[in-house]
Amino acid sequence: MLKQFSPDKMLQTPFGITAEHLRKLGKTTVLTDLDNTLIAWDQLDATDEIINWFTLLEEEGIKVMILSNNSEERVARVAKVTNIPYLAKARKPLAKNFHKAMERLDSTPEETVMIGDQIMTDIFGGNRQKLTTIFVRPVKETDGLATKFNRMMERIILKKLSKKKNMEWEESL
Ligand SMILES: [Mg+2]
């Protein structure tokens, strides 16, 4: 059971991930969570860091899409500045929108990574669809209320993971 919740990688930040890293792993496509993965959950506007990262990946031929459980309004505000396609209200960990995203990008699970800051939604959802999953440290320590229960579950899982698999936070892929 632990396997379903176990990320393939744990990174301090997603912004060190480059097209070269991804290609070496045979990956062409990035699905990424938004809140607390790329930006603090309570910050409204896209940062230069996000814009630069998206631009670099796309210039190097990597397909990128934001897959967020947050509202259309919230996600659109960040995505439109960066010109990145997105799916809002994705209801991760449910399968439907993982499939929809890959269909839109014309990508397969084998060539796709899912990046996110939550085990219960991003990592569990990605693992179930057989994506390569990258767990990142949340941008901001505090969370919205809706996330509290998930974080509690996550702490239990992370403890087990560090014991069993010796997983640790790494700097880059
Ligand atoms: Mg998140």
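Whatever order the structure lists ligands and atoms in, that order sets their numbers, starting from 1. Only this structure's heavy atoms are used, side chains among them; waters, hydrogens and symmetry mates stay out.
- At distances below 3.5 Å, at least one donor-acceptor pair connects side-chain atoms of E111 with backbone N or O atoms of T108.
- L161 and W169 end up in the same hydrophobic cluster when Ile, Leu, Val, Met, Phe, Trp and Tyr side chains are linked at under 4.5 Å.
- Residues K89 and S71 bring no donor and acceptor atom of their side chains to less than 3.5 Å of each other.
- Stacking of R151 on the aromatic ring of F149 is not recorded, the 6.0 Å distance cut-off and the 45° axial limit not both being met.
- Using a distance-only test at 3.5 Å, with no hydrogens or angles considered, no donor-acceptor pair links the side chain of W41 to the main chain of P138.
- Counting only protein atoms, the N, O or S atoms lying less than 2.8 Å from the Mg ion (ligand 1) are D33 OD2, D35 O, D117 OD1, ordered by chain and residue number.
- No side-chain donor-acceptor contact under 3.5 Å links T28 and K63.
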